[in-house]
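The next block holds one structure in the form of structure tokens; read it before the comments.
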Amino acid sequence: MVLGRWLGAALLLCFLSGLLSHLLQEPPDWLERYLPSRPANGYRITQGLHVIAGIAAIPLLGAKLWTVYPKLFEWPPVRSVAHALERLGIAVLVAATLLELFTGLLNTLQWYPWPFPFRQTHFWLGWTAVGGLLLHIAVKAPQIGANWWRSQAAVPGRRAFLASVTVATAAVTVTTAGQSVPWLRWSDLLAPRRPDIGSLGLPVNRTAAQAGTTVVPADWRLTVAGPRPYQLSLAELQALPQHTARLPIACVEGWSASAEWTGVRIRDLLDRAGAPSDALVRVVSLEAEGPYAVTELPAPYARDGLTLLALMVNGQPLNADHGYPARLIAPNRPGVLQTKWVSRLEVQ
Ligand SMILES: Nc1nc2c(c(=O)[nH]1)N[C@H]1C(S)=C(S)[C@@H](COP(=O)(O)O)O[C@H]1N2
Ligand SMILES: [Mo]
């Protein structure tokens, strides 16, 4: 049935884009130095697609379950071992997919009402759901093949049902996709964030008050720890050659927004410390604790001319919420890793 095809396509798109996002955010050690820092908008697009496809899958899944739920009560419940296995497979598939979409949706709302770590759970549920989906497609292959080109029997009400599913899916997509797609901003009515609303033209995910970094010590210095370590005050950083790059903040929660960042190239700072060109860099924030107080910057990002220690955004000095006195901004990098309130760069 046509619903299954659309749902399957949305789930597979979700899975593949999610896998890319996961690898960019948490690469295994061996992959780190091969991560591409281009295209600059890459993560913005894959994570945007991930959230769009996931939201579209919700009404599609609801409709699919609506059309098949009478089978839940079929009699006898089990006809053979093969039939029992098939039903078990479907139970796992449905449970994993429901939980996966539910945790993902709550994540876009920045709501984590559960005791388990979101990312790992979402990652493994994703594998479970896709494993179940592929198994389901394999088991049903003969039927899917036989029905692919055949026009459906004229069941009364079928067209109206499909039309309402299409309208519902289009509606949730169009009213939320504007959080990452600039030309759909006008219709961004239901997404939790408007990417163009916020101080200096940009939303704020975690404020300085939430991170406990409202008071920056008067003697703040950037420390660059490497073979030739040194420190610079804000005035000294401002006196170095400044570069400007237009780069997005693309939050894993689904919103993204481009801004014009101005500051010092990370690679210039590293060269001055005598860092080898393939070195991994740890970026340390003033933030005392928090999952993103320290991040790793693999060499391809550190060497990219677009990667900046930004001091300004959209032509104005950073404010506290956007990371004053200095923040990291790099191309093709998840928003969570664009460290704010930077105090140290450590060459590893
Ligand atoms: N030190 C630190 N940096 C951080 C965060 C944080 O919690 N602590 N949040 C990150 C997240 S999740 C995002 S999406 C971006 C948002 O940047 P903005 O608030 O300037 O838009 O900052 C990132 N940098
Ligand atoms: Mo984020």
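Both counts, for ligands and for their atoms, begin at 1 and track the order of listing. Sequence positions, counted from 1, serve as the residue numbers for this chain. The shown structure was predicted, so the numbers you read here are calculated from the model rather than taken from an experiment. Keep in mind that the numbers below use all heavy atoms, side chains included, and drop hydrogens, waters and symmetry copies.
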When you check the gap from the basic side-chain N to the acidic O, do Arg303 and Asp271 get nearer than 4.0 Å?
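Asp271 and Arg303: salt-bridged.
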Would you mind running through ligand 1 and noting each atom that sits below 4.0 Å from a heavy atom of [X]?
X	answer
Gly335	10 (C), 11 (C), 13 (C), 14 (S), 15 (C), 22 (O), 23 (C)
Trp341	1 (N), 2 (C), 8 (N)
Asn205	12 (S), 19 (O)
Ser285	1 (N)
Arg206	6 (C), 7 (O)
Gln338	22 (O), 23 (C), 24 (N)

Side chain of [X], backbone of [Y]: donor and acceptor closer than 3.5 Å?
X	Y	result
Trp261	Leu247	yes
Ser187	Val174	yes
His50	Cys14	yes

Between Arg327 and ligand 1, which part of the residue brings a heavy atom under 4.0 Å of the ligand: side chain, backbone, both or neither?
side chain
Under a 3.5 Å threshold, yes or no: a donor from one side chain and an acceptor from the other, between Arg206 and Gln110?
no
No-hydrogen, no-angle side-chain donor-acceptor test under 3.5 Å, Asp321 and Ser199
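Looking only at side-chain atoms, Ser199 and Asp321 do not form any donor-acceptor pair under 3.5 Å.
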Do me a favour and list the nearest non-hydrogen protein atom to atom 12 (S) of ligand 1 with residue, atom name and distance?
Val336 CG1, 3.2 Å
If you scan protein heavy atoms around atom 19 (O) of ligand 1, the nearest is Lys340 NZ, 2.6 Å
Close N or O approach (His322, ligand 1; < 3.5 Å)
yes
Measure the shortest side-chain to side-chain distance between Tyr112 and Asn107 over non-hydrogen atoms and say whether it is less than 4.5 angstrom.
yes
Winner among Ala257, Ala310, Pro203, Ala250 once heavy atoms are compared against atom 18 (P) of ligand 1
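Answer by nearest heavy atom: Pro203.
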Per atom 2 (C) of ligand 1, closest listed option by heavy atom (Glu253, Glu287, Gln210, Arg193)
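Heavy atom nearest to atom 2 (C) of ligand 1 belongs to Glu287.
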Which atoms form the tightest heavy-atom contact between Glu289 and Glu287, and what is the distance?
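The pair with the smallest heavy-atom distance is O-OE2, 3.1 Å.
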